[in-house]
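Below: one structure, written as structure tokens.
Position 1 is the first residue of the sequence; numbering continues from there.
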Amino acid sequence: MKSSAFPRIFPFVLFMAFIGVEELLRYLKNAGILGFSDWTLYLLYPVKAAFVGLALLLLWSRYSEIRLGDILKLPHTLVSVATGIAVFVLWINMDWPFATMGN
């Protein structure tokens, strides 16, 4: 597949598929169809991370907008780090009343 959308969509679809498998396994466990410990579901997370990471690594050459040389450009690096910190701070403090559902 030579589409420029595929390398951007596939890792996300793979990640979401793992979430779907995890939810299916949780449902089957709660319904008594499958028997395994809750710890087993936690083991799925590193598998998910490894497969998505592998997909990103294999598709790396198709991401023309990402260049490792950009890290040597101080303004680019500072903006990236500042953005990452800002998103992290916002993410862990997302308890605003307008952003919650229910009571």
Fill in: Connected-component partners of Leu74 among ILVMFWY, side-chain separation under 4.5 Å
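Result for Leu74 is Leu78.
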
Worksheet item: Which hydrophobic side chains are connected to Leu57, either touching it within the sub-4.5 Å cutoff or through other members that do?
Response: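 Listed partners: none, Leu57 stands alone.
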
Nearest 0.5 Å please: distance from the [atom1] atom of [X] over to the [atom2] atom of [Y].
X	Y	atom1	atom2	answer
Lys48	Leu14	NZ	CG	10.0 Å
Leu24	Leu34	CG	CG	8.0 Å
Phe51	Leu56	CZ	CG	13.5 Å

State yes or no: do [X] and [Y] share one hydrophobic cluster built from I, L, V, M, F, W and Y residues joined by side-chain heavy-atom distances below 4.5 Å, directly or via other members?
X	Y	result
Val47	Ile19	yes
Ile33	Val21	yes
Val81	Val89	yes

Fill in: Where Ser64 and Arg8 come nearest, the two heavy atoms and their spacing
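In this case the closest contact between Ser64 and Arg8 is N-NH2, 4.3 Å.
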
Discussion item. For Pro11 versus Phe6, what's the shortest heavy-atom pair and its separation?
Written reply: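 Looks like CD-O, 4.2 Å.
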
Worksheet item: Would you say Leu68 and Trp60 make side-chain contact, with heavy atoms under 4.5 Å?
Response: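 In short, these two side chains touch, coming nearer than 4.5 Å.
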
Could you go through residues 38-45 and list every donor-acceptor pair under 3.5 Å that involves a side-chain atom there, pairing it with any protein atom two or more places apart or in another chain?
unit_1 : atom_1 : unit_2 : atom_2 : d
Asp38  : OD1    : Lys29  : NZ     : 3.3
Thr40  : OG1    : Ser37  : O      : 3.3
Thr40  : OG1    : Ser37  : OG     : 3.4

Discussion item. Arg26: which residues meet the salt bridge (Lys or Arg N to Asp or Glu O under 4.0 Å) condition with it, sequence neighbours left out?
Written reply: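 Arg26: salt bridge (Lys or Arg N to Asp or Glu O under 4.0 Å) contacts with Glu22, Glu23.
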
Worksheet entry | CD1 (Ile71) with more than 12 external heavy atoms under 6.0 Å |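 Count not over threshold, so no.
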
Worksheet item: Of all residues at least two apart in sequence or in a different chain, which pass the ring-ring contact (aromatic ring centres under 6.0 Å, His included) check with Phe12?
Response: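 Phe12 satisfies ring-ring contact (aromatic ring centres under 6.0 Å, His included) with no residue once adjacent residues are dropped.
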
Worksheet item: Who are the side chain to side chain contact (heavy atoms under 4.5 Å, CB included) partners of Leu54, not counting sequence neighbours?
Response: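 Leu54 satisfies side chain to side chain contact (heavy atoms under 4.5 Å, CB included) with Leu58 once adjacent residues are dropped.
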
